Amino acid sequence: RLKSEFPSLVKEFAGMVKASNFKIGKVMGFRSDRAGEFTGQEMKAWFAAEGIAHEMNCSFSSVSNMAERYIRTVVEGARAKLLHANLPAKFWVEAVRNYVWEINRSPKQSLDGKSPIEVASGRQANWRMARVFGSRCRVTVPKDLRVRGHKFSERAQEAVCLGISQDSKGWLVFVEGRRAPLPRRSVHFDLSDDKYDHHAAAKRVPAVGTPVPGTPSVASGQGGGSGGDARGEELPGAPTSYAEASVNICTFVGTQCGE
């Protein structure tokens, strides 16, 4: 949250990449603007020692500032998740983590239909534990936390799923009355509402490369929508597939499961 924390955080991330089973094995490059936290002597020395190429954007050029553009995409995706789940803004950290987790495992046209995690690790993305952010669920109350001496006390509590836990093999859930989300493994999800049914969401999301309905083709000149004009000419930048369209950013939740 503070600019002074950047050196320790980027070094922690680089160590995590080294310790992972990624094919890359290390951070190869770092791109940033010309802010002081990126260009200080400490970071220059560390980049040189680690053999990391540091690329900087041109001053007063928002077009080349890919970091800021990516941050905006993540923030908008996290905002959409919070609004869809009707959750307060205090869960923005969990929403951002969940959104980044999903886009790292979503196929990209620029990567020939592969996901970033597949390119880095050589294995298909695993979506088996993916759930819609904000799904209503019930979690088992641990035996030590149950009301003692009462055989008829509740054995489960209503909760909200906030994604997959980063440091545990389970889901991150928030139980009303708790201060912070907790990692839990024994979770039963309520799929009575299609809004939170990840299986129903999987059926709604088409495969990569599927033509966008309403986008006219140059040959036929038929169709409607904003993808072209009456003569069938595609407008510059018009999406030709769902992989290019932005409509699948927030609907690609718990789908296209790998393995």
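Keep in mind that the numbers below use all heavy atoms, side chains included, and drop hydrogens, waters and symmetry copies. Fair warning: this is a prediction, and the values are worked out from it, not measured in the lab.
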Is a donor on one side and an acceptor on the other found under 3.5 Å between the side chain of Arg31 and the backbone of Gly29? no

Note to self: Just by distance, no angles: are the side chains of Asn104 and Ser106 close enough, under 3.5 Å, to form a donor-acceptor pair?
What the structure shows: no

- Message: Other residues, nucleotides and ligands only: do more than 12 of their heavy atoms fall within 6.0 Å of OH on Tyr70?
- Response: yes

Closest heavy-atom pair, Ala14 versus Val27, reported as atoms and distance to 0.1 Å, is CA-CG2, 3.9 Å

*Hey, are the side chains of Arg123 and Glu118 touching, using non-hydrogen atoms and a 4.5 Å cut-off?*
no

Check for me, please, whether Leu182 and Val93 land in the same ILVMFWY cluster - side-chain distances under 4.5 Å, paths through other members count. no

Geometric cation-pi criterion, Arg131 with Phe189: 6.0 Å, 45°: yes

Quick note, salt bridge (charged side-chain N to carboxylate O under 4.0 Å, His left out) partners involving residues 42-53, not counting sequence neighbours, are Lys11-Glu42, Lys18-Glu50

Review point. Taking the side chain as C-beta and beyond, is there a heavy-atom pair between Trp171 and Val139 under 4.5 Å?
Key: no

Note, Arg138 side chain near Val187 side chain (heavy atom, < 4.5 Å) = no

Looking only at heavy atoms, the pair that brings Ala125 and Ile117 closest together is CB-CG2, 3.7 Å

For Pro181 and Leu162 the tightest heavy-atom approach is CG-CD1, 3.6 Å

What I'd like to find out is whether the side chain of Glu158 reaches to under 4.5 Å of the side chain of Glu176, using heavy atoms alone. no

### ILVMFWY network linking Phe91 to Val75, side-chain heavy atoms under 4.5 angstrom
no

* **Sub-4.5 Å side-chain heavy-atom contact between Asn126 and Arg105** => no

*asked:* Is the ring pair Phe30/Phe6 parallel, tilted or perpendicular, if the boundaries are 30 and 60 degrees?
replied: tilted

Between Ser165 and Pro183 the two heavy atoms that sit nearest each other are OG-CB, 3.8 Å

Tightest non-hydrogen contact, residues Lys114 and Val119, listed as CB-CG2, 4.0 Å

Taking every heavy atom of Ala159 against every heavy atom of Val175, the minimum-distance pair comes out as CB-CG2, 3.9 Å

_Measuring only between side-chain heavy atoms, which start at C-beta, is Ile164 closer than 4.5 Å to Leu172?_
no

Inset, instruction - Could you give me the CA-CA distance, side-chain angles and deciding distance for Glu102 and Lys81, then say whether salt bridge (charged side-chain N to carboxylate O under 4.0 Å, His left out) is met? - result: CA-CA 12 Å; Glu102 290 172 359; Lys81 285 183 172 294; 3.0 Å; yes

The ring-ring contact (aromatic ring centres under 6.0 Å, His included) partners of Trp101 (sequence neighbours excluded) come to Trp127

